[in-house]
There are 2 protein chains.
Amino acid sequence: MKQIKPRKRPQQKRSRDTVDTILNATAEVLIREGYDQTSTNKIAVEAGVSIGSLYHYFPNKEALVLALNRRLAEQELDLIRQTFVEVSNAPLRDTIRKSVEVMVHMHRIEPELHRVLVEQVPRMGPLRKINEIDRQIIEMIREQLLRLKRELSPAEAELMIFVVFNIVETLTHQAVLYQPQLLQGERLIDEISSLVELYLRKKMNL
Amino acid sequence: MKQIKPRKRPQQKRSRDTVDTILNATAEVLIREGYDQTSTNKIAVEAGVSIGSLYHYFPNKEALVLALNRRLAEQELDLIRQTFVEVSNAPLRDTIRKSVEVMVHMHRIEPELHRVLVEQVPRMGPLRKINEIDRQIIEMIREQLLRLKRELSPAEAELMIFVVFNIVETLTHQAVLYQPQLLQGERLIDEISSLVELYLRKKMNL
DNA sequence: AAAGAAGTTGAGCTTTTACTCACATTCGGT
DNA sequence: ACCGAATGTGAGTAAAAGCTCAACTTCTTT
């Protein structure tokens, strides 16, 4: 039975720095080498700490990736929660526009790391639940939809959430990483926003 | 410099069978264990051939995955080409509907394998070009768009292709793998089709 | 049926990776 | 200044993975 939690909690500042350094190195190596070429040894070398130190705080590669993901997800979620509060009383058009903008910003925080985490990290075993963040975004979308139309049936809501979430997620993800020129000016943001608006207005007869 | 082409071409039926068995085993192991837990040794055991045989035909893991991808891509492309010929004179609504249907079918050929190949296989080095198939689909979309509106500017066409391709790809992919209940009846196919139609009609004033 | 070509085998070598532990160093409190 | 707790070290062991090659079997051709 593999353990995934840190073995020891860092207590002094010194060790908190070490943990931080190790996580930064994990990100470096992940981006540079890809998930399966990443090893704890490489991470330790990159971090400039001994392999022993690394194993004080992380029992294996999965734990490192999980912790790194958590750290990134927290930054991303802060950004998103903030925006959803801001738009919680805005008209549909503005709500959509701001939400799309924040998704783009989110993907720009650490695009390469984000890419490796969502595209390469195996969604098996303990890493299955790596996308806590997606679940939270989905909840926020659900709230917004119900705010706009109280009498929405659950099944219909699920379908709309599925469509809207995946559209926005994939278009921003793909654009940030592979078609950055589409983000020059605001062309793509305009396009995504108006597409989502078109869809929601039609579905909700607004 | 790593070599990724097969070392020897199989000539007799016997060895073509071996190669086939090896590729089938590669798929099995990939699906069961994930990309980074897959090793040439495990594949050889799964296939019931000696490790030596495997290395006669494939120099390393990447070559195996590349060959497997090619084999799957060919099946998928056949399906898609056929459909695009069928719809090449149909009205917009039918064109879209049939295209969405074929994308769903495509993802259903070997869904688990498809998932591993697109989600986990590192897009680095020789495997960068793994998505030949996407490029071909994109070309077919371009043709269809130009058929519908001759005077489309290249930049505008690029944007629309980007949006349409990614919407359809991600919604079908996610649905087949993670929300199969949405494919009961034709609800999701209807939804995707009407969304794409809505978008294209607006963009092209049709 | 002879013989060379094609195909197969697996023991075993090398390299990489995971992980431990006995020891050394630093820190925080007294 | 001293001590115990926290932290850091890296050589070293074990397991896994990558890969080769010389010997063996089967096929194809004449």
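Computed from a predicted model, the values in this text were never measured in an experiment. Every chain is numbered from 1, with letters handed out A, B, ... down the list of sequences.
With D:dC27, D:dG8, C:dT8 as the candidates, the nucleotide lying closest to the side chain of B:Tyr57 is C:dT8. Out of C:dT26, C:dA6, C:dA18, the shortest distance to the side chain of A:Ser39 is found at C:dA18. Side chain of B:Ser50, nearest nucleotide from C:dT20, D:dT20, C:dT9: C:dT9. Listed nucleotides: D:dG18, C:dG10, C:dT26. Nearest to the side chain of A:Arg14: C:dT26.
Atom CG of B:Asn41 is separated from atom P of C:dT14 by 17 Å (rounded to the nearest Å). Computed from coordinates, the B:Lys13 NZ to C:dA6 P distance equals 19 Å when rounded to whole Å. Distance, A:Ile22 CD1 to D:dT7 C1': 11 Å, rounded to whole Å. C:dT16 atom P lies 15 Å from atom NZ of B:Lys61, rounded to whole Å. Taking atom NE2 on A:His56 and atom P on C:dA22, their separation rounds to 13 Å, with Å as the unit. Here C:dT17 presents its C1' atom at 13 Å from CD of A:Glu33, a figure rounded to the nearest Å. As a whole-Å value, the separation of B:Leu54 CG from C:dA11 C1' is 17 Å. Summarising the geometry, the separation between NZ on B:Lys42 and P on D:dA15 is reported as 16 Å, rounded to the nearest angstrom.
OP1 or OP2 of C:dA18 has at least one side-chain nitrogen or oxygen of A:Thr40 nearer than 4.0 Å. Put simply, B:Thr18 has no side-chain N or O that comes within less than 4.0 Å of OP1 or OP2 on C:dG7. Between A:Ser53 and the phosphate of D:dT9, there is a side-chain N or O to OP1/OP2 separation shorter than 4.0 Å. For B:Ser15 and C:dT8, the shortest distance from a side-chain N or O to OP1 or OP2 is not below 4.0 Å.
Heavy-atom nearest nucleotides on DNA chain C were determined for A:Asp36 and for A:Gln12, and the one closer to the 5' end corresponds to A:Asp36.
Between the side chain of B:Arg142 and the backbone N or O of B:Ala157, no donor-acceptor pair lies under 3.5 Å. In this structure a side-chain-to-backbone donor-acceptor pair under 3.5 Å is present from B:Lys42 to B:Gln37.
Electrostatic pairing of A:Glu197 and A:Arg97 does not count as a salt bridge here, judged by no charged N lying under 4.0 Å from a carboxylate O. Remark: A:Lys98 does not engage A:Glu101 in a salt bridge, criterion side-chain N to carboxylate O under 4.0 Å.
Note: A:His114 and A:His173 have tilted aromatic rings, judged against thresholds of 30 and 60 degrees for the angle between ring planes.
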